[in-house]
Trainee: 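Have a look at this one before I ask anything.
Note that ligands are numbered from 1 as they come in the structure, with each ligand's atoms numbered from 1 the same way. Along the sequence shown, residues carry numbers from 1.
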Amino acid sequence: MAEIIGRKIIKFDGIDSTNNYATKIAGNSEVFEGTMVLANEQFSGRGQINNTWESEPGANVLASIIFYPEFLPVHYQFMLSKVVSLGVTDCVSTYVEEVKVKWPNDIYVGNKKVAGILIENSIMGMNIGWSVAGIGLNVNQMVFQSNAPNPVSIAMLLGNKIPLSEVVSRLCKCIDKWYTKLKNNEANTINQAYIEHLYRFGIESDYHDKEGFFRGKICAINKIGQLQIEKTNGVIGTYHFKEVVFL
Ligand code: BTN
C-alpha cells in the first residue's frame, strides 16, 4: 500500500514555526492526511512547555505532519505520540545504535537528545479531529548555542554529515509504518515496542517529584500515557508530564 506520510510536502525556506503553519491549515478539506510541512529555518521554533527549539538554518529536519486520527478516542491520544516516537526512533536507528525514547517523546542516544516532538491536537466530540506532530531532528548541526542541556546530532555521533532529503524520506516511511499499525488496531505491538525502546525502563535511577528526591525503576506506562515508577520503598508513583524530573 502506498505511504500516506509525506505524500504532499509543503516546503518553506524560512517560517516562524512549521507547527504554527500546519495547525492553521489542518482540518481544511483540501489538506490530506500525511501532509508534511518542512522548513530550512524557523524564526520561532517551538519546543515543549513554551521552550524555543534551536536549529541552525539548513542543518536539520524541521517537520510537522498532519494526521486525522478520527478513530482515536481523546483519552488514547498518547498512542499517536508513541507512533511518532517509534517512527523517529526507527529512522535515527538506521544511522546510530542505542536509540531510546525518553518519556514522553524525546528521542535519545545515550544520555543526549537527538530529536524532540511537539504534538498539538484538535478535539471532535470524544475523538481527535486533527493532530499535528512537530518533529525537530538534529541531523547535521555540529555546535548548539542554546542552554538546552544535552543536544546532539546524528552527524556529531557518526562523524559525517548526511543528506537531509534522505533522512526526510526515511522518516516518512518509518512513521508511516507505525501509523498504519495504529489504524490497523495493533495497539499491543505499539505498546510493546514503546516499552522496549523506553529510556531507563527497569533501570534503577534518580528522580525528583513533589515529595523530593527518590530512586526507582520505570515499571509501566499506563493506558493514558502516564509514567509509572516503582520507588525503592515499593510505592508506585504515577506521573503526568512535568510532574517528575529525571536526574
Ligand atoms: C521539544 O521541546 O522537545 C519539542 C521540539 C519540537 C520542535 C519541532 S521543530 C518542527 C516543529 N515546529 C516547531 O515550532 N516545533 C516543532
Trainee: Any Lys/Arg nitrogen of Lys231 or Asp209 sitting under 4.0 Å from an Asp/Glu carboxylate oxygen of the other?
Mentor: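 Salt bridge between Lys231 and Asp209, a charged N being under 4.0 Å from a carboxylate O: yes.
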Trainee: Answer with yes or no whether the side chains of Gln42 and Asn19 bring together a donor and an acceptor at under 3.5 Å.
Mentor: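 No, Gln42 and Asn19 have no side-chain donor paired with an acceptor closer than 3.5 Å.
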Trainee: I'd like to know if Arg46 pairs up with Glu120 as an ion pair, taking the criterion as any Lys NZ or Arg NE/NH1/NH2 lying under 4.0 Å from an Asp or Glu carboxylate oxygen.
Mentor: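 Answer for the salt bridge query: yes.
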Trainee: Contact residues of ligand 1 with a heavy-atom cut-off of under 4.0 Å?
Mentor: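 Within 4.0 Å of ligand 1, the protein residues are Ser17, Thr18, Asn19, Gln42, Gly45, Arg46, Gly47, Gln48, Trp53, Leu62, Ala63, Ser64, Asp106, Lys113, Gly116, Ile117, Leu118, Gly134, Ile135, Gly136.
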Trainee: Are the charged groups of Lys217 and Glu204 less than 4.0 angstrom apart, N to O?
Mentor: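 A salt bridge is absent here (no side-chain N lies under 4.0 Å from a carboxylate O).
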Trainee: Whether Lys8 engages the ring of Phe32 as a cation-pi pair (distance to the six-membered ring centre under 6.0 angstrom, angle to the ring normal within 45°) should be assessed.
Mentor: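 No - Lys8 does not lie over the ring of Phe32 by the 6.0 Å and 45° rule.
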Trainee: Report yes or no: is the cationic atom of Arg200 (NZ for Lys, CZ for Arg) under 6.0 Å from the centre of the six-membered ring of Tyr108, at an angle within 45° of the ring normal?
Mentor: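 The answer is no; the distance or angle limit is not met.
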